[in-house]
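By convention in this document, chain letters (A, B, ...) are assigned in the order of the sequence lines, proteins followed by strands, and residues within each chain are numbered from 1.
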Amino acid sequence: MHIKKTIRDLIAASAERARASGALAFETMPAFEVEATKHAEHGDLATNLALILAKQAKQPPRQVAQAIIDHLTAPEGMLLKMEIAGPGFINFFIADAYWYKVIAEIHRMGTAYGNSNLGFGVKVQVEFVSANPTGPLHIGHGRGAALGDALANLLAATGHTVEREYYINDVGNQILTLGKSLYFRLRELGGEAVEFPADGYQGDYMKDLARDYLAAGHAAPGPEPHADDLVRLGRYAGDVILDEIKRDLKDFGVRFDHWFSESELYRQGLVDQGFARLQELGYLYEQDGALWFKATAFGDEKDRVVRRSNGATTYFASDVAYHLDKFQRGYNLVVDIWGADHHGYVPRLQAVAQALGFTGRLQVILVQLVSLLRQGEPVAMTTRGGTFVTLREVMDEVGKDAARFIFLTRRPDAHLEFDLEVAKQQSNDNPVYYVQYAHARLASVFRQAGAQGIERQSLDPARFLRLTLPEELSILKMLANYPELVEGAARNLEPHRITYFLTELAAQLHSYYYKHRFISDDVELTQARFWLVSGVKTVLAHGLGVLGVEAPETM
RNA sequence: GCGCCUGUAGCUCAGGGGACAGAGCAACGGACUUCUAAUCCGUCGGUCGGAGGUUCGAAUCCUCCCAGGCGCGCCA
């Protein structure tokens, strides 16, 4: 029951009829809006078609609107009335009875209400987090994790075939640096006073790692270590850290289908394949002993080195290979979620996508950094410097659900201030509990009713006529609009729309609950309300599911 | 210097061509013998950073300026 689509079709058909009858003259049907109104006096839906068509039709907007109304025929009982308003909007007032249908619809679909086949046959990959295994996940990674996971859920709910991937940078200098860091911590444990390298990873986790290394029975390295020894230490540390990252993500409720190693690109010869492909297309050239990708041919500000004059390939070369591989795996859309500090990297990667012939199939979502505060004071966060708050700490302090909800209450491209003290202090006023409470409250109502021997009886649409309160109609409309909202969120890759919807639905439910009793002596009314609020419960659970937040039966 | 993101109520943020700009928190005043008060009801609070422009219509699009954040390697 996509009401907007239904109305849109009616409007379009009406305009065509008006043209056929000569009441309206226009060449082509322009794009027009059918929007939910902000104010009740404007009805339920409004269109701006008359305003847009006025110029073409050479008639005043309100006159065009009248012509559309005159030629519009809606199904019996659907429309209460239509009004021309303001400069030429047409407002549609939907009959109450129409909204009751949503209850049966939710009943029919069950927990799948809100799902759709929007993305049928579309294969999407969401790559997110992909933090280097050189330290624990911090709060910024948490934001990316929550977003990527919710986005993948959202796309799956709308019928896309979704795969979640984590890209592991396990090639290059950082392994050596990691090994060096471990090495120095080991020597410290051996009682030596060594000067820790400035470019080392200074966090305390490296000290723990060193202790664990010895505890596991590994021999401490001697002085003057060979580079191979450092690399081995680096790999060891990387593996341990990656295991920890996996554990953190699992506990954060985030699941991945693939963990893709950068080293795999080399093992499989994909980097050379990438070079060969670009070479073949004429987008590689040599200069100053280095190999360059002609990124400027696709709007990047400068060409980019893929192989340095010393023969080493760059990080960018890996990404060329990695994305070529992604596209060859047949994804219609590849979504990369990155921290905003990598934004300068977007044009060159888009250039690669274009060069390889996959224009428009790569979408990079930049997640702005989280500025972490503790009682209003900024906390500097650097992995290398070792001062940061880990995702683990945040989970422990404010809980998985609260953290995820907070992350998903902001647009990705907006800076996020996360004050730990505030998040803790306000944990009871946190919007996540507000929404969860609505769900638990309804569960409680049904438990209470059950205890009184009152069960929800079979669906009888005639009873819904008893739902006449403004609160009830308002809730019905929200429920009816939910599937479209989910589709819109998916289309725009914006999970936060779900968050806002849920908060609003919970608000309406709480208000309704407070003013009116669901369980009463009036059997018919009780049944009608049961059916209504069980629809609310279903939708709350669905939305929370998309966000990866629990929908508790009791709180 | 150049580029990207941001600037909306005291604070944190939605809204991103459409009708009188919204929510939460904070502040203030009310509501529990009641299906869960982690709730509800009300009050207060905004020249949408500034100036021009486009449009029937601009918080929203364009230009310039101001402020904050982040980038600008043959690093990863």
Side-chain angles (χ1 to χ4, degrees), chain A residues 33 35 37-39 41-42 46-48 51-52 54-55 60-61 85-89 91 132 134 169 171-175 177 199 262 287-292 301-302 304-319 339-347 366-369 371 373 376 406 409-419 422-423 425-438 440-449 451-452 454 496-497 499-500 503-504 506-507 509-520 526 529-530 533 554-555:
Chain A
E33 300 288 333
E35 287 296 323
T37 57
K38 284 183 191 159
H39 305 278
E41 63 264 35
H42 296 140
T47 184
N48 63 351
L51 288 159
I52 292 174
K55 199 168 266 177
F89 293 104
N91 294 333
N132 294 354
T134 55
N169 300 125
V171 172
N173 284 335
Q174 59 183 10
I175 295 295
T177 307
D199 66 343
E262 185 182 0
Q287 189 182 308
D288 303 330
L291 192 61
W292 298 72
E301 56 187 26
K302 51 176 96 161
R304 306 294 176 176
V305 171
V306 290
R307 193 176 59 221
R308 293 185 272 159
S309 52
N310 67 5
T313 51
T314 60
Y315 175 82
F316 177 56
S318 294
D319 255 338
D341 51 342
H342 291 85
H343 67 80
Y345 206 73
V346 176
L366 296 171
V367 183
Q368 287 295 329
L369 302 184
S371 27
L373 308 176
I406 289 170
T409 308
R410 266 72 167 180
R411 251 165 49 235
D413 55 5
H415 298 262
L416 187 155
E417 283 198 6
F418 198 112
D419 192 317
V422 171
Q425 276 168 18
Q426 295 184 343
S427 63
N428 280 358
D429 295 320
N430 195 304
V432 70
Y433 297 111
Y434 185 81
V435 175
Q436 288 183 318
Y437 184 57
R441 198 171 220 183
L442 290 176
S444 172
V445 168
F446 287 116
R447 273 198 303 276
Q448 184 65 31
Q452 295 176 28
I454 305 165
H496 74 274
R497 296 191 190 194
T499 315
Y500 279 88
T503 306
E504 175 59 24
L509 188 275
H510 285 310
S511 177
Y512 177 43
Y513 173 93
Y514 195 85
K515 290 178 190 160
H516 308 284
R517 293 188 61 83
F518 303 163
I519 301 170
S520 69
T526 299
R529 288 180 172 172
F530 271 18
V533 299
T554 149
M555 283 174 76

Nucleotides 68-76 of chain B: protein proximity per nucleotide (B base, S sugar-phosphate only, - neither; heavy atom, under 4.0 Å): BSBSSSBSB
Protein-to-nucleotide contact annotation, 5' to 3' order, nucleotides 37-42 of chain B [B base; S sugar-phosphate only; - none; under 4.0 Å, heavy atom]: SBBSS-
Stepwise ring-ring contact (aromatic ring centres under 6.0 Å, His included) test for F530(A) and F518(A): CA-CA 7 Å; F530(A) 271 18; F518(A) 303 163; 8.0 Å; no
Whole-Å [atom1] distance, [N] and [M]:
N	M	atom1	result
U6(B)	U12(B)	C1'	14 Å
U63(B)	C41(B)	C1'	48 Å
A58(B)	G52(B)	P	14 Å
G50(B)	U8(B)	C1'	14 Å
A67(B)	C28(B)	P	37 Å
G18(B)	U60(B)	P	11 Å
A9(B)	A38(B)	P	31 Å

Residues H415(A) and R410(A): side-chain donor-acceptor under 3.5 angstrom: no
Short side-chain to backbone donor-acceptor contact, [X] and [Y], under 3.5 Å:
X	Y	value
R441(A)	T554(A)	no
R304(A)	K302(A)	yes
N310(A)	A312(A)	yes
T314(A)	R307(A)	no
S444(A)	A440(A)	no

Aromatic ring pairing Y512(A)/H516(A), orientation class (parallel under 30°, perpendicular over 60°, tilted between):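 It falls in the tilted class, 30° to 60°.
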Between atom [atom1] in [X] and atom [atom2] in [N], what is the gap in whole Å?
X	N	atom1	atom2	result
I406(A)	A23(B)	CD1	C1'	15 Å
R410(A)	A14(B)	CZ	P	7 Å
D413(A)	A14(B)	CG	C1'	12 Å
L51(A)	A58(B)	CG	C1'	15 Å
H496(A)	A23(B)	NE2	P	17 Å

Pull out every protein N or O sitting under 3.5 Å from an N or O of nucleotides 20-22 of chain B, one pair per line with the distance.
unit_1, atom_1, unit_2, atom_2, d
C20(B), N4, E41(A), OE2, 2.4

Any donor-acceptor N/O pair under 3.5 Å between A19(B) base and N48(A) side chain: no
Pairing partner (Watson-Crick or G-U wobble, both distances under 3.5 angstrom) of G24(B): C11(B)
Distance test, side-chain N/O of R411(A) to OP1/OP2 of G15(B), below 4.0 Å: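 R411(A) to G15(B) OP1/OP2: side-chain N or O found under 4.0 Å.
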Q448(A) or I52(A), whichever maps to the more 5' nucleotide of RNA chain B: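 Taking each residue's closest nucleotide, the earlier one in sequence belongs to I52(A).
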